There are 2 protein chains.
Amino acid sequence: MASKDRILRLKDDTRNNILAASIDIVKEEGWQALSMRKIADKIEYTAPIIYEYFANKDAILNELTRQGYVKLGNLMQQAISEHSDPAEQLEAMWLAYWNFAFAEKELYQVMYGVEVNCCAMQNMCPDIQKPMNMLWDKIEEIIPADKRTEEYVDTKYYTCWSVVHGLISINMTRKLTSDEMNKQVLKDAIGGIIASMK
Amino acid sequence: MASKDRILRLKDDTRNNILAASIDIVKEEGWQALSMRKIADKIEYTAPIIYEYFANKDAILNELTRQGYVKLGNLMQQAISEHSDPAEQLEAMWLAYWNFAFAEKELYQVMYGVEVNCCAMQNMCPDIQKPMNMLWDKIEEIIPADKRTEEYVDTKYYTCWSVVHGLISINMTRKLTSDEMNKQVLKDAIGGIIASMK
DNA sequence: TAAATAATCTAACACTGTTAAGCAAAGGTA
DNA sequence: TACCTTTGCTTAACAGTGTTAGATTATTTA
């Protein structure tokens with residue numbers, strides 16, 4: 001029955017429309033503005049029909065997450081294919097990861113639980129800046145005078161911060177690394193960066 | 001007027017109670033379960049009185065964020081005081097940062113926008129694992145056979161991932177680094193780690 | 001054409017943040 | 001003591017959220 005196929009294809013279409021509408025809304029207004037009724041509006045239905053395609057709102061987020069990983073995988077595959085040396089391939093893969101994060105910012109946010117909405121950055125009161133300044137000043141102190149430019153201190157500061165914050169985030173969102181592994185990574189990375197300063 | 005002081009002190013008390021109740025709820029049920037009515041319940045008031053102490057819900061989050069930074073600053077100060085060598089001080093400061101993140105997990109989450117709620121980790125389907133596996137395999141390929149243990153590959157993988165993801169998160173939540181700075185950090189860190197593998 | 005099935009909507013529930021209106025107790029003033 | 005004003009707090013409501021049950025409409029099948 002070809003008509004059955006057509007109907008299934010149509011069902012698939014609205015499923016994709018739901019996902020597309022969701023991403024559209026998020027791109028326009030951010031994740032916290034995404035609601036079932038807004039999605040329904042965009043695909044010109046009422047909210048309950050969405051539940052014929054997805055169990056709940058979380059299921060939509062999960063599917064978008066999955067699609068994000070598929071896209072990321074493809075970009076990495078492409079990165080590999082553009083180089084022959086393994087080390088260059090690896091570097092290209094991480095660069096692809098980096099580029100993906102900003103090209104598909106909204107997908108990256110839901111994939112890795114990066115919240116944007118609130119606080120922290122707008123009202124930059126002294127209390128908030130203090131820990132950062134303490135670290136920055138200490139790094140400045142360690143770097144020998146002949147290398148001590150603002151840019152150089154910045155680089156070291158952000159490198160340290162990135163690896164520590166990154167490892168913390170990874171541990172908080174998915175708990176799959178052992179404690180010894182964490183200490184190892186932390187010690188190695190921080191130690192390495194500090195050594196490279198002197 | 002001493003009675004005025006007493007009343008002001010009481011007002012201050014309920015303000016602190018609101019903050020304490022908020023943290024309690026978050027520790028018990030997570031950030032997404034925090035609601036004005038639940039806070040009111042806990043301090044034995046009704047929701048609207050909270051608005052006499054905070055402009056809105058975001059203001060509560062902001063204050064908790066601020067307090068988080070104060071605590072972190074103090075811990076770092078302590079870390080400094082326990083060492084004399086600047087390099088050791090810096091390492092202790094980062095360790096304090098790390099320990100703070102897990103000792104005050106909920107504060108860290110609101111300070112740095114680390115979402116926990118959704119997706120990604122529970123239903124670990126192949127699509128989701130693929131990018132990670134590609135990177136892991138490539139790192140394994142680069143590491144010379146005599147060093148190639150699972151632990152060693154893991155360490156390098158997580159170090160790379162942490163620095164890249166950390167830098168991305170930092171850029172997404174607060175936009176205060178320049179593009180050249182990012183490229184610099186990325187190139188330096190990834191390049192350094194790859195070089196250390198061989 | 002009549003019955004059965006599928007597609008869709010309306011209405012509702014329990015929740016969310018937030019605001020306006022009202023009540024009741026306390027304070028100051030005559 | 002009597003009144004008035006201020007304060008503290010509550011109730012009720014609005015508009016929004018995710019989600020479900022029931023009713024309604026349209027389409028397919030017999």
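Below, chains carry the letters A, B, ... as their sequence lines are ordered, and counting in each starts from 1. If you're wondering where the values come from, they're calculated on a predicted model, not measured in any experiment. Side chains included, hydrogens not; waters and symmetry mates left out as well; all remaining heavy atoms used.
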In whole angstrom, what separates [X]'s [atom1] from [N]'s [atom2]?
| X | N | atom1 | atom2 | answer |
| --- | --- | --- | --- | --- |
| A/Ile60 | D/dT17 | CD1 | P | 14 Å |
| B/Ile43 | D/dT10 | CD1 | C1' | 14 Å |
| A/Glu52 | D/dT19 | CD | C1' | 13 Å |
| B/Ile50 | C/dT19 | CD1 | P | 13 Å |
| A/Glu29 | D/dG16 | CD | P | 12 Å |
| B/Asp13 | D/dG8 | CG | P | 14 Å |
| B/Lys57 | D/dT17 | NZ | P | 15 Å |
| B/Ile39 | C/dT18 | CD1 | C1' | 13 Å |

- Query: Touch check for B/Tyr45, heavy atoms < 4.0 angstrom, all strands: base, sugar-phosphate only, or nothing?
  - Reply: sugar-phosphate

- Query: Pick the nucleotide of DNA chain D nearest each of B/Thr46 and A/Asn56; which residue has the one closer to the 5' end?
  - Reply: B/Thr46

- Message: Both A/Ala47 and B/Ile49 contact DNA chain D. Which one's nearest nucleotide lies toward the 5' end?
- Response: B/Ile49

- Quick one: the side chain of A/Arg37 and the base of D/dG16, do they pair up donor-acceptor inside 3.5 Å? no

- Query: Relative to the ring of A/Tyr108, is the ring of A/Tyr97 parallel (under 30°), tilted (30 to 60°) or perpendicular (over 60°)?
  - Reply: perpendicular

- A/Ile168 and A/Asn171: CA distance, side-chain angles, deciding distance, side-chain contact (heavy atoms from CB on, under 4.5 Å) verdict: CA-CA 5 Å; A/Ile168 289 170; A/Asn171 270 275; 5.8 Å; no

- What do the steps show when you test A/Tyr112 against A/Tyr69 for ring pair (Phe, Tyr, Trp, His ring centres under 6.0 Å), and what is the final call? CA-CA 10 Å; A/Tyr112 293 102; A/Tyr69 278 100; 5.7 Å; yes

- Query: Is the closest side-chain heavy-atom distance between A/Leu19 and A/Phe54 below 4.5 Å?
  - Reply: yes

- Query: Would you call B/Trp94 and A/Leu186 a side-chain contact if the rule is heavy atoms closer than 4.5 Å?
  - Reply: no

- State whether the number of non-hydrogen atoms from other residues, nucleotides or ligands found under 6.0 Å of B/Asp179 atom CG is greater than 12. no

- Which nucleotide sits closest to the side chain of A/Pro48: C/dT19, D/dA21, D/dC9? D/dA21

- Query: Has A/Ser35 got a side-chain N or O lying under 4.0 Å from the OP1 or OP2 atom of D/dT17?
  - Reply: yes

- Message: Using five pairs at each end of the helix from C/dT1-D/dA30 to C/dA30-D/dT1 to define an axis, what is the angle between those two axes, to 10°?
- Response: 30°

- salt bridge (Lys or Arg N to Asp or Glu O under 4.0 Å) pairs touching residues 141-155 of chain B, sequence neighbours excluded, are B/Lys138-B/Glu141

